[in-house]
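When a residue number appears, it is its place in the shown sequence, counting from 1. For ligands, and for the atoms within them, numbers begin at 1 and follow the listed sequence. Hydrogens, waters and symmetry mates play no part in the numbers below; they use all other heavy atoms, side chains included.
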Amino acid sequence: MSKEVLVTGGGGYIGSTIVSALEDAGHMPIVLDSLVNGRAELARGLPFYRGDIADPDIVSAVFEDHPNIGCAIHCAALAIVPDSVNRPYDYYRNNVAGSMELFKTLAEHGCGDIIFSSSASVYGATGGVMVTEESRVSPESPYARTKLMTEMMLEDMSASFGLRSLALRYFNPIGADPMMRSGQVQREASQIVAVLVEVASGKRDVFRVTGTEWPTRDGTGIRDYVHVWDLALAHARAVDRMDGIFADGAGFEIVNLGTGTGVTVREMVSAFERVHGSEISKVDAPPRPGDVAGAYASADKAMRLLGWKPTLTLEEAFAHAIEWAGIADANGLG
Ligand SMILES: NC(=O)c1ccc[n+]([C@@H]2O[C@H](COP(=O)([O-])OP(=O)(O)OC[C@H]3O[C@@H](n4cnc5c(N)ncnc54)[C@H](O)[C@@H]3O)[C@@H](O)[C@H]2O)c1
């Protein structure tokens, strides 16, 4: 059944990809984004509202135009870990206080289903091991703490307002929409893939393998890279499965979204070089402040509740990221 779905942060990297997955699944996405970081172009003519999630007037305006919205996917956030260390007030205000206002306004408008973009960073430095949804949380940056606090708040508000809410803890999203409708839009390349692409294209001199003495199979950090398109499909799947997930009524669930297998930084660089067709310039370096050994997801609960597991490979993610970088540059989106 086709549903109207509000996507906050739908002008950003992950939100815009979710919008495409929802459209492909026959749903009608409606985008709310302040454009503090995103790009309106990525909403591609869909209903788009420019405004802040904390502003009840703009959220109410969305519901006046689209009273049938029953589900919100909440991606809007400030999301750069080192930036959060320098700007904790902005991060708590935007991500925690903003989400608090949003959840209240959504509940007032009868929007009973909330899918929240959470993060594997809530698990903290886990020593290179697999984590399940029951693993101990230990957020190590202001950003990660905003994600955990928002989860806790959402759980409490779900119980009180009668919401059905799902916190999806993303591991490491990479790549771009295979149909090239969207991809990474932030100007400041902070993610490993963006940096690899920049080194390969000559925009950056060298790739720094930061941290080579972690307790992992080759000493470099381990992560769980999940193709952003697979991630987006998980959201479309979740929208369709809320009745099944919450068969007993209101509630709150946490689901990890990862591949279930880790990849080390060195393995990742090798995979990138296979796609690029030649070696890139790289150098070993000490860990940066705040770096951790990393973790990878148990994907069992995602399979059980959403019937979802990623299907795209790391090589495909790289190929899509490289193709998108060219398109973004050509269109002034990079
Ligand atoms: N990219 C990752 O590696 C990663 C990993 C785990 C979780 N997440 C989460 O996924 C979500 C999306 O991340 P992304 O990588 O697409 O980031 P992004 O910066 O590309 O997108 C976030 C979007 O939210 C918008 N936004 C921010 N604050 C807003 C506000 N107060 N009101 C309205 N719009 C606002 C921005 O303009 C931007 O378009 C975030 O919640 C992030 O915490 C991202």
Within ligand 1, which atoms have a heavy atom of [X] less than 4.0 Å away?
| X | value |
| --- | --- |
| V36 | 26 (N), 27 (C), 28 (N), 36 (C), 37 (O) |
| A79 | 42 (C), 43 (O) |
| G51 | 32 (N), 33 (C) |
| G11 | 39 (O) |

Sequence-distant partners of D300, side-chain hydrogen bond (donor to acceptor under 3.5 Å, both in side chains), two or more places apart: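 D300: no side-chain hydrogen bond (donor to acceptor under 3.5 Å, both in side chains) contacts found.
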Between ligand 1 and [X], can you find any atom pair, the residue atom being a heavy atom, that is separated by under 4.0 Å?
| X | value |
| --- | --- |
| K147 | yes |
| N172 | no |
| S118 | yes |

Evaluation steps, side chain to side chain donor-acceptor pair (under 3.5 Å), between S117 and H74: CA-CA 6 Å; S117 297; H74 176 33; over 6 Å; no
Check this for me - ligand 1, [X], N or O atoms closer than 3.5 angstrom, yes or no?
| X | value |
| --- | --- |
| S34 | yes |
| Y170 | no |
| S119 | no |
| P173 | no |
| Q184 | no |
| Y143 | yes |
| G9 | no |

Side-chain donor-acceptor contact under 3.5 Å, T220 with T212: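 Short answer, no.
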Ligand 1 versus [X], non-hydrogen atoms closer than 4.0 Å: side chain, backbone, both, neither?
| X | result |
| --- | --- |
| A120 | neither |
| L35 | backbone |
| D33 | both |

Test salt bridge (Lys or Arg N to Asp or Glu O under 4.0 Å) applied to D243 - qualifying residues, sequence neighbours left out: R164
Passing candidate, side-chain contact (heavy atoms from CB on, under 4.5 Å) with F318, options E323, M268, R274, E273: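 Exactly one candidate clears the test, M268.
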Aromatic ring pairing H109/F63, orientation class (parallel under 30°, perpendicular over 60°, tilted between): parallel
Charged tip of R223 within 45° of F171 ring normal and under 6.0 Å: no
Winner among G183, G12, C75 once heavy atoms are compared against atom 12 (C) of ligand 1: C75
Salt-bridge present (R241, D113; N to O < 4.0 Å): no
